[in-house]
K.L.:
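First the structure, which I've put down as structure tokens, then a few questions once you've had a look.
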Amino acid sequence: MFMKKIFVIIFLNFFLTTLSQSNEIDDFQISGVSVNNSLLNFINKDKIIARQNLYKDKGYIYRLKDFYTLTFYNINKFPNSNPGIFFEGLDKYDDIQFHLKHGDDTFKIYAVDGGKHFNSMKKCYDQMKEIESELRSLFKDSKPIKSDKRHSSNKGRSKSSAYWLDKGFIRVSCQDWDEDTKIQDSLVVSVVLEELNIFLIKTIK
């Protein structure tokens with residue numbers, strides 16, 4: 001059993017790494033980043049504020065303004081873009097997104113999402129199935145919560161599986177955006193704190 005769990009973690013290392021054999025939510029990392037951590041440990045404050053100011057909406061993508069998002073990109077995928085949008089060490093993903101709380105000067109991370117872009121949704125779904133299989137082996141006591149529906153924005157479709165742990169969940173999803181949005185379809189691996197999930201439920205009501 002122990003060796004099988006080690007194998008699963010090594011396989012998932014392409015997308016999700018863990019610091020221990022624990023199922024604590026903040027033991028898991030995406031590109032070296034975990035929730036309950038400060039974004040200041042990875043990006044300086046000036047760059048965080050500058051990135052937020054690049055958005056017309058300042059990253060407040062939800063109806064309620066308790067949280068905002070910041071997305072950074074892999075420099076190898078977008079080499080000619082504004083240097084303020086890059087996240088160093090982002091090798092396995094094309095982008096990384098953080099959820100931060102409004103007015104929080106510590107810049108605590110409430111969710112981290114790693115996105116890998118696909119031109120074919122079939123390839124995305126095939127990769128998602130592989131990750132799901134390994135997550136089921138890793139989290140035998142957590143029954144996945146599955147979803148396949150249109151986004152609340154009605155601008156795309158999301159198919160996902162979420163595995164609940166202590167104080168949050170890990171989710172793998174394929175995001176199929178409508179062509180007119182010009183948003184890249186992606187496989188997304190997410191680590192999310194329960195507090196943010198409560199907010200997300202509230203904001204779509």
Side-chain angles (χ1 to χ4, degrees), residues 1-36 69 71 74 77 90-99 109-153 155-178 181 183-201 204:
M1 180 68 69
F2 179 76
M3 289 303 295
K4 184 175 182 181
K5 195 167 187 178
I6 289 292
F7 170 78
V8 168
I9 292 170
I10 291 172
F11 181 89
L12 284 174
N13 190 54
F14 289 101
F15 296 97
L16 181 72
T17 56
T18 179
L19 300 178
S20 71
Q21 298 301 311
S22 169
N23 281 356
E24 294 289 334
I25 191 68
D26 49 2
D27 283 335
F28 293 86
Q29 299 179 339
I30 290 177
S31 289
V33 180
S34 58
V35 295
N36 277 326
T69 67
T71 301
N74 186 328
K77 298 291 183 178
L90 196 60
D91 54 350
K92 300 180 180 68
Y93 293 96
D94 296 321
D95 60 58
I96 188 168
Q97 184 181 74
F98 306 101
H99 276 77
I109 299 168
Y110 286 82
V112 55
D113 308 279
K116 185 173 177 62
H117 300 166
F118 284 90
N119 293 322
S120 164
M121 287 308 299
K122 181 182 184 305
K123 291 181 180 179
C124 185
Y125 292 136
D126 287 345
Q127 184 69 79
M128 179 179 169
K129 287 179 181 178
E130 289 185 24
I131 297 174
E132 280 186 288
S133 176
E134 302 303 334
L135 286 174
R136 285 195 298 271
S137 296
L138 184 60
F139 304 124
K140 291 184 179 296
D141 296 330
S142 177
K143 185 177 181 180
I145 299 174
K146 293 182 174 290
S147 175
D148 187 356
K149 62 183 180 181
R150 295 283 295 177
H151 284 283
S152 57
S153 65
K155 295 180 179 180
R157 190 170 193 87
S158 174
K159 183 175 182 179
S160 66
S161 292
Y163 297 79
W164 278 91
L165 308 177
D166 183 39
K167 301 179 182 178
F169 63 86
I170 292 172
R171 179 179 60 213
V172 56
S173 63
C174 279
Q175 306 293 325
D176 185 6
W177 295 98
D178 294 346
T181 67
I183 300 175
Q184 183 73 51
D185 296 335
S186 300
L187 171 77
V188 180
V189 180
S190 307
V191 182
V192 183
L193 286 178
E194 184 176 9
E195 182 177 347
L196 176 65
N197 186 60
I198 292 171
F199 162 76
L200 295 174
I201 293 172
I204 62 176

K.L.:
Please report the interatomic distance CG(Asp113) to CZ(Arg171), rounded to the nearest 0.5 Å.
P.N.:
6.5 Å
K.L.:
Just wondering, do Leu187 and Met128 contact through their side chains at under 4.5 Å, heavy atoms?
P.N.:
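Yes - at least one pair of side-chain heavy atoms lies under 4.5 Å apart.
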K.L.:
Nearest 0.5 Å, what's the CG-CZ distance between Asp94 and Phe118?
P.N.:
8.5 Å
K.L.:
List the steps, then state whether side chain to side chain contact (heavy atoms under 4.5 Å, CB included) holds for Val192 with Val35.
P.N.:
CA-CA 7 Å; Val192 183; Val35 295; over 6 Å; no
K.L.:
So do Trp164 and Asn197 actually touch side chain to side chain, heavy atoms under 4.5 Å?
P.N.:
yes
K.L.:
At their closest point, which heavy atom of Phe98 faces which heavy atom of Val33, and how far apart are they?
P.N.:
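Taking Phe98 first and Val33 second, the nearest heavy atoms are CE2-CG1, 3.7 Å.
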K.L.:
How far does CD1 of Ile30 sit from CD1 of Ile170, to the nearest 0.5 angstrom?
P.N.:
8.0 Å
K.L.:
Would you name the heavy atoms of His117 and Ser186 that are closest together and state the gap between them?
P.N.:
CD2-OG, 3.1 Å
K.L.:
Do other residues, nucleotides or ligands put more than 12 heavy atoms under 6.0 Å from Lys143 NZ?
P.N.:
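Not more than 12 within 6.0 Å, no.
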K.L.:
Taking all non-hydrogen atoms of both residues, which atom of Gln184 and which atom of Trp177 are closest, and how far apart?
P.N.:
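Heavy atoms only, the tightest pair is O-CD1, 3.6 Å.
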K.L.:
Measuring from Asp148:CG to Ser160:OG, what's the distance to the nearest 0.5 Å?
P.N.:
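Going from CG on Asp148 over to OG on Ser160, the span is 8.0 Å.
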K.L.:
When rounded to the nearest 0.5 angstrom, what distance separates OG in Ser34 from CZ in Phe28?
P.N.:
11.0 Å
K.L.:
So do the side chains of Ile109 and Asn36 get within less than 4.5 Å of each other, counting heavy atoms only?
P.N.:
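A side-chain contact under 4.5 Å is absent here.
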K.L.:
Could you check whether the rings of Tyr163 and Phe139 sit parallel, tilted or perpendicular, using 30° and 60° as the cut-offs?
P.N.:
tilted
K.L.:
Hey, are Lys146 and Glu132 close enough for a salt bridge, meaning a charged N less than 4.0 Å from a carboxylate O?
P.N.:
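A salt bridge links Lys146 with Glu132.
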K.L.:
Restricting to side-chain contact (heavy atoms from CB on, under 4.5 Å), what partner residues turn up for Ile198, sequence neighbours left out?
P.N.:
Glu194
K.L.:
For a quick test of reading the model, state the closest non-hydrogen atom pair linking Leu90 to Ser31 and the distance between them.
P.N.:
CD1-OG, 3.4 Å
K.L.:
Is there a side-chain contact between Tyr93 and Val189, using heavy atoms and a 4.5 Å cut-off?
P.N.:
yes
K.L.:
In plain terms, say whether Asp178 and Arg157 are close enough for a salt bridge, that is, a side-chain N and a carboxylate O under 4.0 Å apart.
P.N.:
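Salt bridge absent between Asp178 and Arg157.
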K.L.:
Among residues at least two apart in sequence or on other chains, which ones pass side-chain contact (heavy atoms from CB on, under 4.5 Å) with Lys122?
P.N.:
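Ser120, Asp126.
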K.L.:
Less than 4.0 angstrom from a charged side-chain N to a carboxylate O is my criterion; do Asp185 and Lys116 meet it?
P.N.:
no
K.L.:
Do we see a donor-acceptor contact under 3.5 Å between the side chains of Gln175 and Ser173?
P.N.:
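A donor-acceptor contact under 3.5 Å links the two side chains.
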K.L.:
List the steps and the verdict of side chain to side chain contact (heavy atoms under 4.5 Å, CB included) for Val188 and Val172.
P.N.:
CA-CA 6 Å; Val188 180; Val172 56; over 6 Å; no
K.L.:
Considering residues at least two apart in sequence or located in another chain, which fulfil the side-chain contact (heavy atoms from CB on, under 4.5 Å) criterion with Lys167?
P.N.:
Ile25
K.L.:
Measure the spacing between CD1 of Ile183 and CG of Asp176 and express it to the nearest 0.5 Å.
P.N.:
11.5 Å
K.L.:
Is any side-chain heavy atom of Asn74 closer than 4.5 Å to one of Asp95?
P.N.:
no
